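Here is the structure we will look at.
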Amino acid sequence: GFLSGINEYEKLITKARRVFCSNRYSNKGCGKTYSIYFLPSLPKIKASTHPINQFLQGILNGDSIEQSFYRISNWCLVSLSTFKRYWIKFKLKISAIRQFLMDKISSTLKPPDNLVLENIYYINSQYPNSDNPIEAFILKSQIALF
């Protein structure tokens, strides 16, 4: 089956497909059902990866959470408090992000002093040709950032 949800534009979209790992009739499956999410949709959150990427880039460029949010608020219908929750969830994923990027980080890069900004900086440096580095990172790492 499919999982539906509402995106940041208040439209109903298909976010994921449910896949059953069959253990019936002597199959070697585990019997669990998994959700395979389609990018740019993210599980359990309303915003897609594009406004989140713009929000994180604003913070990396020195904007406050509020300033970064107001840059995207004219086209993204998600509230400031929601983006503050996303920011907290992102900060809680620092160790998972760093663990994934550990062997990929070049020692010549000069990151910011803040660990959270450092993660955004390193994600950007790993996907320089991508329009949306956060989406590229999620796709490659399969880490649920939010």
Side-chain angles (χ1 to χ4, degrees), residues 1-22 29-146:
F2 292 94
L3 295 175
S4 298
I6 296 176
N7 67 2
E8 68 265 20
Y9 307 111
E10 303 294 330
K11 299 208 185 227
L12 185 66
I13 60 167
T14 301
K15 286 188 149 195
R17 180 168 181 147
R18 309 238 344 134
V19 177
F20 177 63
C21 184
S22 179
C30 63
K32 294 181 182 178
T33 303
Y34 296 94
S35 299
I36 310 297
Y37 282 86
F38 308 129
L39 286 173
S41 300
L42 296 171
K44 299 180 184 173
I45 69 169
K46 195 172 186 180
S48 65
T49 57
H50 181 66
I52 290 175
N53 182 56
Q54 297 299 317
F55 174 74
L56 293 176
Q57 298 309 318
I59 290 175
L60 181 62
N61 293 333
D63 293 346
S64 67
I65 293 173
E66 290 81 9
Q67 289 171 326
S68 186
F69 168 75
Y70 289 122
R71 289 185 193 274
I72 62 170
S73 64
N74 59 346
W75 54 269
C76 181
L77 303 175
V78 180
S79 69
L80 174 60
S81 61
T82 301
F83 270 92
K84 284 183 177 180
R85 280 197 313 275
Y86 295 164
W87 178 243
I88 290 168
K89 288 179 180 182
F90 183 78
K91 289 189 333 185
L92 291 174
K93 295 290 183 170
I94 286 176
S95 60
I97 295 168
R98 293 182 75 75
Q99 186 174 12
F100 179 78
L101 294 173
M102 182 110 34
D103 59 338
K104 298 168 181 49
I105 296 172
S106 170
S107 61
T108 59
L109 294 174
K110 299 285 185 198
D113 293 331
N114 182 319
L115 281 179
V116 181
L117 296 180
E118 206 172 282
N119 279 348
I120 301 169
Y121 178 81
Y122 284 139
I123 288 171
N124 287 342
S125 68
Q126 288 301 305
Y127 307 100
N129 299 327
S130 175
D131 294 338
N132 192 337
I134 297 299
E135 183 175 288
F137 174 77
I138 291 170
L139 186 62
K140 182 80 172 170
S141 69
Q142 294 296 306
I143 295 173
L145 294 180
F146 305 98

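From a predicted model like this one, the values you see are computed outputs, not experimental measurements.
- Between the CG atom in N124 and the CG atom in N53 there is a gap of 7.0 Å [rounded to 0.5 Å].
- Checked against side chain to side chain donor-acceptor pair (under 3.5 Å), E66 has the following partners two or more places apart in sequence or in another chain: K84.
- Not a single salt bridge (Lys or Arg N to Asp or Glu O under 4.0 Å) links R17 to another residue, sequence neighbours left out.
- Screening N61, I59, L60 for a side chain to side chain contact (heavy atoms under 4.5 Å, CB included) with S68, the sole residue that qualifies is I59.
- Considering all non-hydrogen atoms of both residues, Y70 and L80 come closest at OH-CD2, 3.9 Å.
- For S81, the side chain to side chain donor-acceptor pair (under 3.5 Å) partners at least two apart in sequence or on another chain are S79.
- Ring geometry for Y86 against F83 counts as perpendicular: the plane angle is over 60°, on a 0 to 90° scale with 30° as the lower cut.
- Contact record, I65 with F55: O-CE1, 3.6 Å, taken as the closest heavy-atom pair.
- Once rounded to the nearest 0.5 Å, the distance linking OG of S141 with NZ of K93 reads 10.0 Å.
- The NZ atom of K91 lies 12.5 Å from the CD1 atom of I97; values are rounded to the nearest 0.5 Å.
- From K11, atom NZ reaches atom OG of S4 across 15.0 Å, with rounding to the nearest 0.5 Å.
- Under a cut-off of 6.0 angstrom, the local environment of CG in D131 is sparse, with at most 12 non-hydrogen atoms contributed by other residues, nucleotides or ligands.
- E135 is not listed as a side-chain neighbour of Y127, based on a closest heavy-atom distance of 4.5 Å or more.
- Rounding to the nearest 0.5 Å places CG of N119 at 5.5 Å from CD1 of I94.
- Atoms CD and CD1, on Q126 and I123 in that order, are 9.5 Å from each other to the nearest 0.5 Å.
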